[in-house]
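What follows is a set of notes on a single structure, which appears directly below.
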Amino acid sequence: MSNPSRITLKTIAEHCGYSVNTVSLALRNDPRISRQTLDTVQKAADELGYIRNNLASSLRSGKSNIIAIIIEHAHNPHYTFLIDDMVALLREHGYIPMLLFTRNSEETERQMLELTVSLSADGIILFVHGGKEWFSNTLKKLSIPVILIDRGIEGLNLDRVCVNDYEGGYLAGEKLASLGHTRFLFLAGPLFIESQIRRQNGFLDALSRYQLGKDCIRFVPFDTINEAIRTNTILEMLSPIDYTAIICYNDEFAYYMMNTLRQNGYRVPEDISICGFDHICSSMPYLPPLSSISYPKDRSLAQTVVRFLLNRLERPNRPVQIDEFPAVYYEEGTVGICHDKKHHTDTDQKE
């Protein structure tokens, strides 16, 4: 069975006896069209099931009202709340948010950028994943506004809204070292992402003030963490537990670690302290408390990102806008004093 023909402006015009131009103006609520004509055309469009061809309209006007939000995934609640706020704000300003997921794939990221351009999107809000040279070159060549959120790209001068990740890493290191911790497990983010690099550098610099170096830290790569979560082998990944503090790239990782440790008899923070990033328990009060790094609660990443985008759309040649929110440590009871004790290994059994 063949698909029904697309309902066009010509279809509506033939149905109600007006010209195509009159129908087009009426569907855009042009003030030159009488109320009677507006009502007649809109009623015909509804009866026929007309859906506006946004691509054709954007080719005529040069404006699609589409804003692409490109992100690797949304299962991290930090992203979920952030995206929800941005979508609401964009819609308030008459824009149509288009959410595109890359699933941590550089090839998919490339495809999503190409799709965004092909659909004549007015702007892009980008959670950066790609770190390759082609990615930076592609962004440099785009003729539409791009706002980077959460992460920057070294050497690329684009509007950006983020948290001071170096300061965040430093705060985590300073807090733990000041409480006497000297052996750490660092659960890393993607190695080439700026936020991971800056958090790690800040953490290391804080420890150096206490004469602690890299040799007191075991780093676990991002892919290893995700694989342990996927295969339910988190305890094996954590072993040997010869450290007293865990620092996690995000709260999502931190909750997986904390739940696993508690299920196996470890006490947090009495046996092991845990610090995350994002402080999602402030938005999801049903989650267990988790000490974490985030930005001031009186600031809004979503509002700042949308404001930067609107500014760029209004004045394409304005100077680059950068807002780096200060980092804040939120104490929620999962970081405590390091007590002298026997460290458990992967063969130890908790009573």
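With a 6.0 Å cutoff to the six-membered ring centre and a 45° limit on the axis angle, R218 does not count as a cation-pi contact of F186.
Electrostatic pairing of E109 and R103 does not count as a salt bridge here, judged by no charged N lying under 4.0 Å from a carboxylate O. We find that D323 and R160 are not joined by a salt bridge, their nearest charged nitrogen and carboxylate oxygen being 4.0 Å or further apart. The pair K43-D39 fails the salt-bridge criterion, with no side-chain N (NZ, NE, NH1 or NH2) lying under 4.0 Å from an Asp/Glu carboxylate O.
Taking every heavy atom of both residues into account, R183 and D242 meet most closely at CD-O, 3.4 Å. Among all heavy-atom pairs drawn from S34 and T37, the shortest one is OG-OG1, 2.9 Å. Of all non-hydrogen atoms in L82 and A302, the two that sit nearest each other are CD1-N, 3.7 Å. Nearest heavy atom pair, residue K175 against residue V335, reads CG-CG1, 4.1 Å. In terms of heavy-atom proximity, C281 sits nearest to P289 at SG-CA, 4.5 Å.
With no hydrogens or angles considered, no side-chain donor-acceptor pair links E252 and H78 at under 3.5 Å. Residues D165 and S195 bring no donor and acceptor atom of their side chains to less than 3.5 Å of each other. Checked by atom type, the side-chain pair N259/Q263 shows no donor-acceptor distance below 3.5 Å. Side chain to side chain, E174 and Y329 fail the donor-acceptor criterion of an N or O pair below 3.5 Å. Using modelled atom types and a 3.5 Å distance limit, the side chains of D205 and Y166 yield a donor-acceptor pair. For T102 and T108, the side-chain atoms include no donor-acceptor pair closer than 3.5 Å.
Looking at I247 and F184, their side chains come closer than 4.5 Å, going by heavy atoms from C-beta outward. The side-chain heavy atoms of I217 and D215, taken from C-beta on, include no pair separated by under 4.5 Å. Using a 4.5 Å heavy-atom threshold, the side chains of F308 and I125 count as separate. I280 has its side chain within reach of Y255: a pair of non-hydrogen atoms, C-beta onward, lies under 4.5 Å apart.
For Q196, the side chain to side chain donor-acceptor pair (under 3.5 Å) partners at least two apart in sequence or on another chain are Q200.
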Just list the side-chain donor-acceptor pairs under 3.5 Å for residues 229-236, sequence neighbours left out, or say none.
{"unit_1": "R230", "atom_1": "NE", "unit_2": "E227", "atom_2": "OE1", "d": "3.1"}
{"unit_1": "R230", "atom_1": "NH2", "unit_2": "E227", "atom_2": "OE1", "d": "3.4"}
{"unit_1": "R230", "atom_1": "NH2", "unit_2": "E227", "atom_2": "OE2", "d": "2.6"}
{"unit_1": "T231", "atom_1": "OG1", "unit_2": "E227", "atom_2": "O", "d": "2.7"}
{"unit_1": "T231", "atom_1": "OG1", "unit_2": "T233", "atom_2": "OG1", "d": "2.8"}

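Crowding of I337 atom CD1: a count of heavy atoms from other residues, nucleotides or ligands under 6.0 Å not exceeding 12. Environment of NZ in K214: sparse, with no more than 12 heavy atoms of neighbouring residues, nucleotides or ligands closer than 6.0 Å. Counting non-hydrogen atoms of other residues, nucleotides and ligands closer than 6.0 Å to CZ of R262 gives a total above 12.
The aromatic rings of F325 and Y295 stand perpendicular to each other, their planes meeting at an angle above 60°, with 30° marking the opposite boundary.
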